[in-house]
There are 2 protein chains.
Amino acid sequence: MKIDELDVRIVELFSEDAGIGVLAASRLLGVARATVQSRLDKLRAAGVVQGMAPTLNPANFGYPVMAIVSIEIVQGMGHVPVGTALREIPEIVEMYTVSGDHDVMVRVVARSNDDLQRVLDSVSSASAVNRTRSVVVLQTHFQNRVLPLFAHVGGAAERNAE
Amino acid sequence: MKIDELDVRIVELFSEDAGIGVLAASRLLGVARATVQSRLDKLRAAGVVQGMAPTLNPANFGYPVMAIVSIEIVQGMGHVPVGTALREIPEIVEMYTVSGDHDVMVRVVARSNDDLQRVLDSVSSASAVNRTRSVVVLQTHFQNRVLPLFAHVGGAAERNAE
DNA sequence: GGGAACGTGAGCATTGTGTTCAGCCTATGG
DNA sequence: CCATAGGCTGAACACAATGCTCACGTTCCC
């Protein structure tokens, strides 16, 4: 997928406000409506843009506390059973299988520090979980900040070879 | 902010496809259009819904490799200079200040394992960074999965969703 | 009971959508 | 050197959705 500056500008506009609409975007960018439409279609078809979704902030509906938990699973168990077990815990908002000392890393949210204890316990008590180590998030600098990278890719198209 | 089942159903609909529109959502839910509109306004005003944004997937525009890096900063330096230094690296898509042995945790993406080396080096060479430890993400189970938690808050705990 | 907050259904003018089309430009390749 | 393909344009069209406002019926609680 080749991404140029127009693609970047379109995505930036829709990131500010997805409700902007194809027509308004085309006017702001000084291009034809059909162009914006076809670019969006292509970006979506390529999977670059997965879709448009409302951004939910757990901190604003009762879950201001966040922690990152490294999980070590018991030897001999695949990572699949852990995955299915942990999937049932709604407080887990992110989950990866990773290399290194630990096997799984998750990000959890909680209502309070007290509540975090409960969440961590529910993680620990999942089957196939051996040991956990958790750190509390003190400050969120940014989350899911993909736009600068995307702009970098789009801008590098002219200056650098790919 | 009090969240009821209608709020959850509205957000679920818009999460599937934010372009669904207020009118179509109201028809699917069997409520008046003005109701959906006012609910959305309130959710947005409360900050529960931050906005609607296109979901970008770095894996689909050239960055399929992902890693999580724990960073220890040099004693005596505040976390602010590290933050500003790391902010300049577009490959960092997530950044937290955390408690525990390490001080900062970031999630980075890269074009390949080779490229990951370059990204990690650029992190390590940031000012105030003392030591880093990184793990490679082998599998992404889910990212930013807030809907189940939101549904849980909305009193849909008894109900089996999806 | 009074009042506030909420949901309803309806109305209105305006605007955006999806779709299609022919024409034009530029880059690429025979 | 010309031919072809792909992208962008601007326009057209019917249709649908939007933002806004309103009067009215509930429900809940002071």
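Chain naming here is simple, since letters A, B, ... match the order of the sequence lines and numbering starts at 1 in each.
Whole-Å rounding puts the Leu6(B) CG to dT27(D) P distance at 17 Å. Note: CG (Leu28(B)) to C1' (dA17(D)) measures 14 Å, nearest angstrom. Taking atom NZ of Lys2(B) as the reference point, atom P of dT27(D) lies 15 Å away to the nearest angstrom. At whole-Å resolution of the value, CZ in Arg27(B) and C1' in dG9(C) are 14 Å apart. Look at CG on Asp17(A): it is 13 Å from P on dT18(D), rounded to the nearest Å. Taking atom CG on Leu29(A) and atom P on dG10(D), their separation rounds to 14 Å, with Å as the unit. The distance between atom CG of Asp4(A) and atom P of dA27(C), rounded to the nearest whole Å, is 14 Å. Counting to the nearest Å, the C1' atom of dT21(D) and the CG atom of Asp41(B) are 14 Å from each other.
Residues Val36(A) and Met52(A) fall within the same hydrophobic cluster, defined by Ile, Leu, Val, Met, Phe, Trp and Tyr side chains chained together at heavy-atom separations under 4.5 Å. Residues Val93(A) and Phe61(A) share a hydrophobic cluster, clusters being chains of Ile/Leu/Val/Met/Phe/Trp/Tyr side chains in contact below 4.5 Å.
In summary, the side chains of Asp121(B) and Gln117(B) do present a donor paired with an acceptor at a separation below 3.5 Å, with no hydrogens or angles considered.
The backbone N or O of Arg118(B) sits nowhere less than 3.5 Å from a side-chain atom of Asp115(B) that would complete a donor-acceptor pair. A donor-acceptor contact shorter than 3.5 Å links the side chain of Asp4(A) to the backbone of Asp7(A).
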Please tabulate, one pair per line, all N/O donor-acceptor pairs under 3.5 Å involving side-chain atoms of residues 96-103 of chain B, not counting sequence neighbours.
{"from": "Tyr96(B)", "atom 1": "OH", "to": "Arg107(A)", "atom 2": "NE", "distance (Å)": "3.2"}
{"from": "Tyr96(B)", "atom 1": "OH", "to": "Gln143(A)", "atom 2": "NE2", "distance (Å)": "3.4"}
{"from": "Tyr96(B)", "atom 1": "OH", "to": "Glu94(B)", "atom 2": "OE2", "distance (Å)": "2.4"}
{"from": "Thr97(B)", "atom 1": "OG1", "to": "His141(A)", "atom 2": "NE2", "distance (Å)": "2.6"}
{"from": "Ser99(B)", "atom 1": "OG", "to": "Val136(A)", "atom 2": "N", "distance (Å)": "3.1"}
{"from": "Asp103(B)", "atom 1": "OD2", "to": "Ile73(B)", "atom 2": "N", "distance (Å)": "2.8"}

Produce the list of close N/O pairs, under 3.5 Å, pairing protein atoms with atoms of nucleotides 17-22 of chain C; give distances to one decimal.
{"from": "dT17(C)", "atom 1": "OP1", "to": "Val22(A)", "atom 2": "N", "distance (Å)": "3.1"}
{"from": "dT17(C)", "atom 1": "OP2", "to": "Leu23(A)", "atom 2": "N", "distance (Å)": "3.1"}
{"from": "dG18(C)", "atom 1": "OP2", "to": "Gln37(A)", "atom 2": "NE2", "distance (Å)": "2.9"}
{"from": "dG18(C)", "atom 1": "N7", "to": "Arg33(A)", "atom 2": "NH1", "distance (Å)": "3.1"}
{"from": "dG18(C)", "atom 1": "N7", "to": "Arg33(A)", "atom 2": "NH2", "distance (Å)": "3.4"}
{"from": "dG18(C)", "atom 1": "O6", "to": "Arg33(A)", "atom 2": "NH2", "distance (Å)": "2.9"}
{"from": "dT19(C)", "atom 1": "O4", "to": "Arg33(A)", "atom 2": "NH2", "distance (Å)": "2.9"}

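The nucleotide whose nearest atom lies closest to any side-chain atom of Val31(B) is, among dC6(C), dC8(D), dT8(C), dT8(C).
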